[in-house]
Amino acid sequence: QVQLVESGGGVVHAGGSLRLSCADSGHTSGIYAMGWLRQAPGKEREFVAAISCSGASTYYTDSVKGRFAISRDNAKNTVYLQMNSLKPEDTAVYYCAGGMIVVTTFLPNYWGQGTQVTVSS
């Protein structure tokens, strides 16, 4: 059973960095593709990044390319999202998800509870 717990959110000034972590306490790491999605106040949840089961392939939404990096450590059942050069528009609740990648589309099936990221200007 997939049980995802995010951590690492917080408040940071624009231009700063944060690293989010997502621990899979169900020890299913490596079975699922993993991804990060976010939801800003008043907006729909949107895709941010995804990584294949092996970690060999990564995918990003255009607005974070070159600033964010997704990685995974299957031995630790953990997925990371390194966020650099943060902007106020990155402010959102960030959700970790487990699922599958079809061609280049991440389809989430399992969700964490979310962690708040706030970027002040």
* Looking at S54 and R72, what are the two nearest heavy atoms and their distance? -> C-CD, 4.5 Å
* Can you measure from CE (M34) to CG (N74) and round to the nearest 0.5 angstrom? => 9.5 Å
* To do: Could you tell me which non-hydrogen atom of A50 sits nearest to which non-hydrogen atom of I101, and how far apart they are?
  => CB-CD1, 4.2 Å
* **Non-hydrogen atoms of Q113 and V5 that approach each other most closely** => OE1-CA, 3.8 Å
* Asked: Passes side chain to side chain contact (heavy atoms under 4.5 Å, CB included), D90 versus V117? Steps please.
  -> CA-CA 8 Å; D90 294 318; V117 171; 5.5 Å; no
* To do: Check the side chains of D73 and T78 for a donor-acceptor pair under 3.5 angstrom, ignoring hydrogens and angles.
  => no
* **Residue pairs fulfilling disulfide (SG to SG under 2.5 Å) with at least one residue in residues 86-121, sequence neighbours excluded** => C22-C96
* Structure fact -> Sorted by chain and residue number, the side-chain hydrogen bond (donor to acceptor under 3.5 Å, both in side chains) partners of N109 (sequence neighbours excluded) come out as none
* Rounded to the nearest 0.5 Å, how far apart are SG of C53 and CE of M100? -> 9.0 Å
* To do: Look up atom CG in L4 and atom CD in E6, then write down how far apart they are to the nearest 0.5 Å.
  => 7.0 Å
* Structure fact -> d(K65 NZ, T58 OG1) to nearest 0.5 Å is 9.5 Å
* Asked: Between A97 and L37, what is the shortest heavy-atom contact and its length?
  -> CB-CD1, 4.0 Å
* Structure fact -> By side chain to side chain contact (heavy atoms under 4.5 Å, CB included), S57 pairs with (sequence neighbours left out) S52, Y59
* **Rounded distance (nearest 0.5 Å) linking atom CD of Q3 with atom CG of N77** => 11.5 Å
* Asked: In the single-linkage hydrophobic clustering (I, L, V, M, F, W, Y; side-chain heavy atoms under 4.5 Å), do V11 and L81 co-cluster?
  -> no
* Structure fact -> Y110 meets the ring-ring contact (aromatic ring centres under 6.0 Å, His included) criterion, sequence neighbours left out, with Y32
* **Heavy-atom donor-acceptor pair, T118 side chain to T91 backbone, under 3.5 Å** => no
* Given side chain to side chain contact (heavy atoms under 4.5 Å, CB included), test L18 with Q82 step by step and report yes or no. => CA-CA 6 Å; L18 282 174; Q82 178 67 44; over 6 Å; no
* To do: Scan residues 60-103 for pairs that pass ring pair (Phe, Tyr, Trp, His ring centres under 6.0 Å), counting only residues two or more places apart or in two chains.
  => none
Compile the donor-acceptor pairs under 3.5 Å between side chains in residues 39-49 and protein atoms, sequence neighbours left out, one pair per line.
from: Q39; atom 1: NE2; to: K43; atom 2: O; distance (Å): 3.1
from: E46; atom 1: OE2; to: R38; atom 2: NE; distance (Å): 2.6
from: E46; atom 1: OE2; to: R38; atom 2: NH2; distance (Å): 3.2

